[in-house]
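As the structure lists them, so they are numbered: ligands from 1, and atoms in each ligand from 1. Everything quoted here is computed from the prediction, not taken from an experiment.
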Amino acid sequence: MKIICIGRNYAKHISELGNEKPTSPLFFLKPDSAILPKKMPFFIPSFTKEVHYEVEVLVKINKVGKHISPKFAHKYYDEIGLGIDFTARDIQEKAKEKGHPWEQAKAFDGSAVIGEFYKKQDFEDLQGLNFSLSKNSELVQVGNTSHMLWSIDALIAYVSQFFTLKKGDVLFTGTPAGVGKVKEDDVLKGVLEGNQAFEIKIK
Ligand code: ZN
């Protein structure tokens, strides 16, 4: 399986990092080796001094699709979840300056937290989902999918022009404002519409 991550899908997050608003969705991939095994803590890698959390709504693809039109995109997923796109921000900033790829900053082992998934029918409106991340019980990121620049269906249509989507692939839909650094002993909890989707200890 593959993990497709969308960057810059929430306006306030774009401005907090001083980035330009893209004219089409910006995306990158993480390999399956990036998935943090369930119940495992996240170990801050030795190659970075600044790992940021980015809480994101996840979509699990349920069948093969290519060149999917936006109006049929909803047929390609029936589960929605929540996760973290851990980012070595110091390395990403250097890569951005030089125009280098982002994999060192985004695709390393443990960088993809994939929490619980829920049936999409359990939610009234997928473009009105509340989600949040707390760090040591303090709320640090609060988002609502209505603030996405591109909706879930628009993202699926867009990325499927480039990649064949396969059953089990996971789409990370971008992070809202409030990203920040983790340190040893932090505890991160993610909540999607009142459901605790994950709890991660930082080591
Ligand atoms: Zn992200």
Just wondering, more than 12 heavy atoms not from Lys63 lying within 6.0 Å of its NZ?
-> yes
Atom of Glu54 closest to the Zn ion (ligand 1), considering N, O or S atoms = OE1
Nearest to the Zn ion (ligand 1) - the N/O/S atom of Asp85, by atom name | OD2
Under 3.5 Å donor-acceptor, Ser111 side chain and Lys106 backbone | yes
Whether Phe42 and Phe86 hold their rings parallel, tilted or perpendicular, with breakpoints at 30° and 60° | parallel
The Zn ion (ligand 1) -> Glu56, closest N, O or S atom is OE2
Of Glu50, Glu16, Glu54, the residue whose pairing with Arg89 passes salt bridge (Lys or Arg N to Asp or Glu O under 4.0 Å) | Glu54
